[in-house]
Amino acid sequence: MNIAVIGAGTVGRTLARAWTRHGHHVTVGVRRPAAADIPAMAVSDALHGADAVLLAIPGAALTDLLDRHADALDGRLVLDATNRVGASTLHQVPEVAARLPAARLARAFCTVGWEVLADPVIGGEQADLVWCGPDGADGELVQILITDVGLRSVRVGGIEAADVVDGATRLWFALALGQGLGRHLGIRILRDA
Ligand SMILES: NC(=O)c1ccc[n+]([C@@H]2O[C@H](COP(=O)([O-])OP(=O)(O)OC[C@H]3O[C@@H](n4cnc5c(N)ncnc54)[C@H](OP(=O)(O)O)[C@@H]3O)[C@@H](O)[C@H]2O)c1
């Protein structure tokens with residue numbers, strides 16, 4: 001799969017590394033490629049030909065990204081990992097959907113710390129990744145990207161379930177940071193087989 005990772009911070013570079021290891025063609029898009037300390041290119045170049053796009057920039061930078069690149073993002077499968085920490089919702093789905101009306105939006109990789117994305121086996125158990133977004137062929141692509149990172153995929157519904165996904169993120173914050181359980185903390189959903 002051709003994957004564009006927008007943002008070369010801890011989340012972007014962790015997922016880019018995992019997907020590259022699994023044979024995907026990953027391009028990392030940044031604002032200043034010359035200043036990047038990993039192979040990276042301009043955002044518009046990274047988006048060219050992408051089957052899926054990961055947004056891994058600060059939540060506060062999303063509007064700026066959309067102002068610059070909405071045309072190139074629209075119509076694509078967009079996995080939004082951003083969190084607008086401190087705002088009433090961590091996601092910005094209504095704003096993103098309004099700017100990218102033809103995009104197939106998912107909220108994924110936003111519910112756990114990057115440490116879990118880098119090392120998803122915790123206490124011998126594979127952590128789950130709670131996400132929402134499209135089903136069908138697009139949903140299968142999202143699931144492949146999740147399982148290739150080593151996480152177990154738990155889809156909670158379409159993109160309208162973004163508040164539910166926010167809830168999982170808030171639970172992670174409350175336990176990992178609020179209760180001091182540490183950032184290498186995963187969530188696992190149990191059910192009868
Ligand atoms: N850290 C975690 O454990 C974690 C886990 C799950 C989700 N998240 C969420 O995922 C997102 C990324 O987190 P992170 O920890 O990887 O952030 P980070 O380490 O601060 O990196 C952010 C990246 O975004 C780039 N960026 C900033 N503004 C931009 C803009 N306007 N256009 C394009 N690129 C821009 C930065 O590049 P420059 O060098 O150009 O500034 C940097 O490469 C955040 O929304 C965060 O809330 C974080």
Side-chain angles (χ1 to χ4, degrees), residues 3-19 26-48 50 52-73 76 78-93 95-96 99-100 105-120 122 127-133 142 145-146 149-151 153-154 162 164-178 180-187:
I3 308 164
V5 170
I6 308 305
T10 49
V11 171
R13 66 181 60 207
T14 299
L15 294 177
R17 202 178 297 127
W19 289 330
V26 179
T27 52
V28 177
V30 296
R31 290 183 291 187
R32 293 177 292 273
D37 61 358
I38 60 169
M41 59 186 76
V43 172
S44 51
D45 293 336
L47 289 173
H48 189 74
V53 181
L54 173 80
L55 302 182
I57 64 171
L62 205 43
T63 303
D64 174 60
L65 182 83
L66 294 171
D67 286 347
R68 292 172 195 271
H69 300 290
D71 286 350
L73 284 163
R76 298 190 194 274
V78 175
L79 283 63
D80 177 10
T82 69
N83 286 317
R84 190 171 46 170
V85 179
S88 56
T89 62
L90 296 167
H91 71 80
Q92 300 174 72
V93 166
E95 295 86 344
V96 176
R99 299 293 301 276
L100 307 178
L105 289 180
R107 285 280 293 160
F109 301 106
C110 49
T111 51
V112 292
W114 69 268
E115 296 88 341
V116 179
L117 306 178
D119 179 11
I122 303 170
D128 286 341
L129 190 83
V130 172
W131 67 281
C132 69
V142 176
L145 293 177
I146 292 169
V149 168
L151 289 153
S153 163
V154 177
V164 179
V165 172
D166 263 18
T169 312
R170 291 189 189 285
L171 177 64
W172 185 89
F173 274 116
L175 295 175
L177 307 182
L181 299 186
R183 294 182 54 94
H184 195 220
L185 178 137
I187 291 166

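Atoms within a ligand are numbered from 1 in the order they appear, just like the ligands themselves. The chain is numbered in sequence order, starting from 1.
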| Any N or O on Ala81 sitting closer than 3.5 Å to an N or O of ligand 1? | yes

| task | Would you indicate which of Thr82, Asp64, Ile57 comes nearest to atom 35 (C) of ligand 1 when only heavy atoms are counted? | result | Ile57

| message | How far is atom 46 (C) of ligand 1 from the closest protein heavy atom, and which atom is that? | response | Asn83 N, 4.1 Å

| task | Within a distance under 4.0 Å of any heavy atom of Gly59, pick out the atoms of ligand 1 and give their elements. | result | 45 (O)

| query | Quick one: does Arg76's side chain have a donor or acceptor within less than 3.5 Å of a partner on Ala50's backbone? | reply | yes

| Out of curiosity, is Arg13 lining ligand 1, as in a heavy atom under 4.0 Å away? | no

| Sidechain-backbone polar pair: Trp19 side chain, Leu145 backbone, donor-acceptor under 3.5 Å | yes

| said: Tell me whether Leu62 reaches ligand 1 (any heavy atom closer than 4.0 angstrom to a ligand atom). | reply: no

| request: Ignoring hydrogens and angles, tell me if any N or O in the side chain of Thr82 forms a donor-acceptor pair with the backbone of Gly59 under 3.5 Å. | output: no

| task | Please state whether Thr10 comes within less than 4.0 angstrom of ligand 1, counting heavy atoms only. | result | yes

| Can you tell me if Arg13 uses its side chain to pair, donor with acceptor, with the backbone of Ala8 under 3.5 Å? | yes

| Shortest protein contact, atom 6 (C) of ligand 1 (heavy atom only) | Val112 O, 3.2 Å

| Shortest non-hydrogen contact from Arg170 to Ser88? | NH2-O, 3.2 Å

| message | Under a 3.5 Å distance rule, please check whether Trp172 uses its side chain to pair with a backbone N or O of Leu185 as donor and acceptor. | response | yes

| query | Are Leu65 and Leu73 side-chain neighbours, meaning at least one heavy-atom pair lies under 4.5 Å? | reply | yes

| Right, does atom 29 (C) of ligand 1 have protein non-hydrogen atoms nearer than 4.0 Å? | yes

| task | Considering heavy atoms of the protein only, find what lies nearest to atom 43 (O) of ligand 1 and give residue, atom and distance to 0.1 Å. | result | Ala8 N, 2.9 Å

| message | Regarding atom 12 (C) of ligand 1: of the candidates Ala61, Ala56, Cys110, which has the closest heavy atom? | response | Ala56

| Hey, is Arg183 touching ligand 1 through its side chain, its backbone, both or neither, going by heavy atoms under 4.0 Å? | side chain

| said: If you scan the protein for heavy atoms around atom 38 (P) of ligand 1, do you find one that is closer than 4.0 Å? | reply: yes

| note | atom 33 (C) of ligand 1: closest protein heavy atom, distance to 0.1 Å, is Arg31 CG, 3.5 Å

| field | Backbone of Val154 reached by a side-chain donor or acceptor of Asp128 within 3.5 Å | value | no

| query | Under 4.5 Å between any side-chain heavy atoms of Val11 and Leu117, yes or no? | reply | yes

| query | Between Asp71 and Arg99, is the closest basic N to carboxylate O distance under 4.0 Å? | reply | no

| said: Side chain, backbone, both or neither: which applies to Arg84 and ligand 1 if a contact is any heavy-atom pair less than 4.0 Å apart? | reply: neither

| field | Arg32: numbered ligand 1 atoms lying under 4.0 Å from its heavy atoms | value | 38 (P), 39 (O), 40 (O), 41 (O)

| said: Among all the protein's heavy atoms, is there at least one whose distance to atom 15 (O) of ligand 1 comes out below 4.0 Å? | reply: yes

| ligand 1 atoms in contact with Phe109 (distance to a heavy atom under 4.0 Å) | 6 (C), 7 (C)

| Quick one: nearest non-hydrogen protein atom to atom 4 (C) of ligand 1, plus distance? | Val11 CG2, 3.3 Å

| request: Tell me yes or no: between the side chains of Arg107 and Asn83, is some donor less than 3.5 Å from an acceptor? | output: yes

| said: Tell me whether His184 contacts the main-chain N or O of Asp119 through its side chain, where contact means a donor paired with an acceptor under 3.5 Å. | reply: yes

| said: For atom 24 (O) of ligand 1, which of the options Gly9, Pro33, Pro58 provides the nearest non-hydrogen atom? | reply: Pro58

